[in-house]
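The first residue of the sequence shown is numbered 1, and numbering continues consecutively from there.
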Amino acid sequence: MAGIRLTPEDSEVSQVRAPTSGDLISDDDRSVAADSWSIKSDYGSTLDDDQRHADATEALSAAAAFRAASDYSSDKEEPDAEAVTSMLGFQSYWDSAYQGELANFREHGHAGEVWFGADVMETVASWTKSLCIDISQGHMMNHVGDNKSEPGEQSNKDLLAWSVLDIGTGNGLLLQELAKLGFCDLTGTDYSEGAIDLARCLADRDGFTSINFLVDDVLDTKLERKYKLVMDKGTLDAVGLHPDGPIKRVMYWDSVSRLVEPGGILVITSCNSTKDELVQEVDSCNQRRVATTSETGTTSDQETVKDPPPFRYIDHVRSYPTFMFGGSVGSRVVTVAFLRN
């Protein structure tokens, strides 16, 4: 639950049961990932058990709470939670998930899961469109409020200049949503070949044949192009759930900083980090970059001082439902935008 970390005995807002091995595989062996991180969507579910779809975002973000729970329990032999945390960070996990999703699409025509839910996806897309238009029209850099820009002919023309990359695109439905809103230069990447196969099938079926989908690992990207808008909806969350999560998150920021063109923006949607945590992580990334530049001695001291940090916070979605617990305000998901200097 992004915003607040809750221990089991404290939480009446959300009661999360640590998943057992039986929960990790559906009865028909479809979508391994969907069992522990998904929301049942309007596009069709791969699972028959509604209970496991009650709150997908909590299932992913609860990993940290599961680890903390062992400190309060006399039973220390509960490896399931840690196993889930690790599995969600491995490519083999997602390969298995999307093999199931692809098979289900071919059999039933279902698009599969929408991570964080269709409502969040639509909010992310419309808010991002507004943000891009405001930047194009010089209304930034202090964007306040959601969906501020009014739609119009000039606004839609402004979007033509925005090249878009969706890292960890999954089934590619976020890119379809952006295409509906007027973005046209769209690329989606995922390290799972099954995800890309599914995204291509869905795009062809739904009439979005101009969207480009590529197999690529953001931590070891082969992309040479830079993009004006880079989207991440859950990818950083999954990266952080690898056993080497801290190291891989550093790799993530180094890679993403090369993918966003100067003056472009990075939009991250997360259920496992708060807005402040993401901002702090970006600050750490900036400090590492400055320190690395200083150590290499490739620039003079004067140039180093003048060189701006890679990213700076612009704004975040303010329209997500929030709740108060223990004197703190939290939400289940956050979307934060950063400008590439």
Side-chain angles (χ1 to χ4, degrees), residues 1-5 13 39 56-58 60-61 64 114-150 159 162 164-168 174 177-178 181 183 227-240 249 252-253 256-257 259-260 263-286 308-325 327-341:
M1 185 182 305
I4 296 179
R5 302 282 196 267
V13 177
I39 286 182
T57 56
E58 279 192 325
L60 179 62
S61 59
V114 179
W115 309 123
F116 311 135
D119 290 345
V120 169
M121 180 180 70
E122 292 167 2
T123 296
V124 169
S126 60
W127 180 83
T128 299
K129 174 185 177 179
S130 173
L131 183 66
C132 292
I133 291 173
D134 283 344
I135 291 176
S136 297
Q137 297 180 353
H139 298 162
M140 297 298 293
M141 287 293 144
N142 294 306
H143 185 81
V144 178
D146 298 328
N147 305 322
K148 185 179 70 173
S149 294
E150 294 296 329
L159 296 179
W162 287 83
V164 182
L165 173 66
D166 182 24
I167 53 177
L174 176 59
E177 195 68 27
L178 290 171
L181 295 176
F183 292 91
Y227 297 82
K228 196 166 185 179
L229 169 62
V230 174
M231 306 290 294
D232 174 342
K233 187 162 68 70
T235 298
L236 182 58
D237 286 344
V239 167
R249 290 178 84 104
Y252 170 94
W253 287 107
V256 168
S257 66
L259 291 172
V260 185
I265 58 174
L266 169 67
V267 177
I268 298 179
T269 300
S270 170
C271 71
N272 210 27
S273 298
T274 66
K275 185 266 289 186
D276 290 341
E277 287 171 342
L278 288 174
V279 171
Q280 183 177 10
E281 188 165 358
V282 165
D283 288 342
S284 297
C285 166
N286 291 338
F311 292 103
R312 71 177 178 87
Y313 163 79
I314 305 177
D315 196 15
H316 66 281
V317 170
R318 292 162 160 67
S319 61
Y320 292 137
T322 60
F323 61 88
M324 179 169 287
F325 185 86
S328 298
V329 177
S331 62
R332 296 177 184 272
V333 63
V334 296
T335 298
V336 188
F338 300 95
L339 177 72
R340 179 68 168 97
N341 290 316

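Heavy atoms only, all atoms of each residue included: Val256 and Leu266 are closest at CG1-CD2, 3.6 Å. Between Val267 and Ala337 the shortest heavy-atom distance is CG2-CB, 4.1 Å. Considering all non-hydrogen atoms of both residues, His316 and Arg318 come closest at O-NH1, 3.2 Å. Taking each heavy atom of Leu236 and Glu281 in turn, the nearest pair found is CD2-OE1, 4.2 Å. Between Trp253 and Cys285 the shortest heavy-atom distance is CB-SG, 3.7 Å. Closest non-hydrogen pair, Leu229 versus Cys132, comes out as CD2-SG, 4.0 Å.
Rounding to the nearest 0.5 Å places CD of Glu177 at 11.0 Å from NZ of Lys129. Separating the CZ atom in Phe116 from the CZ atom in Arg332 is a distance of 13.0 Å, to the nearest 0.5 Å. In this structure, the separation between CG on Asp166 and CG on Leu178 is 7.5 Å, given to the nearest 0.5 Å. In this structure, CD1 on Ile135 lies 6.5 Å from CG on Leu339, to the nearest 0.5 angstrom. Considering CG of Leu259 and OH of Tyr252, their distance stands at 9.5 Å, rounded to 0.5 Å. Note that CG of Asp237 and CG of Asp232 are 7.5 Å apart. Values are rounded to the nearest 0.5 Å.
For the pair Val164/Met231, a side-chain contact is recorded, criterion being any heavy-atom separation below 4.5 Å from C-beta on. In this structure, the side chains of Leu278 and Asp276 stay at 4.5 Å or more apart for every pair of heavy atoms. Two residues are said to be in side-chain contact when any heavy atoms from C-beta on lie closer than 4.5 Å; Arg340 and Val230 fail this criterion. A heavy-atom distance below 4.5 Å is found between the side chains of Thr269 and Val120. With contacts defined as side-chain heavy-atom distances shorter than 4.5 Å, the pair Asn341/Arg312 qualifies.
If you check the side chains of Thr335 and Tyr320, you find a donor sitting under 3.5 Å from an acceptor. Counted by atom type alone, Tyr313 and Asp283 present zero donor-acceptor pairs between their side chains at under 3.5 Å.
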Taking it one step at a time, do Ser136 and Trp162 satisfy side-chain contact (heavy atoms from CB on, under 4.5 Å)?
CA-CA 9 Å; Ser136 297; Trp162 287 83; 2.8 Å; yes
Check the pair Phe338, Val279 against side-chain contact (heavy atoms from CB on, under 4.5 Å), reporting the backbone distance first and the verdict last.
CA-CA 9 Å; Phe338 300 95; Val279 171; 4.2 Å; yes
Given side-chain contact (heavy atoms from CB on, under 4.5 Å), test Phe311 with Asn286 step by step and report yes or no.
CA-CA 7 Å; Phe311 292 103; Asn286 291 338; 4.2 Å; yes
Would Val333 and Ser270 count as a side-chain contact (heavy atoms from CB on, under 4.5 Å) if you check the C-alpha gap in whole Å, the side-chain angles of each, and the deciding distance to 0.1 Å?
CA-CA 6 Å; Val333 63; Ser270 170; over 6 Å; no
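Gln280 places no side-chain N or O within donor-acceptor distance of the main-chain N or O of Glu277, the cut-off being under 3.5 Å. Between the side chain of Ser130 and the backbone N or O of Ser126 there is no donor-acceptor pair closer than 3.5 Å.
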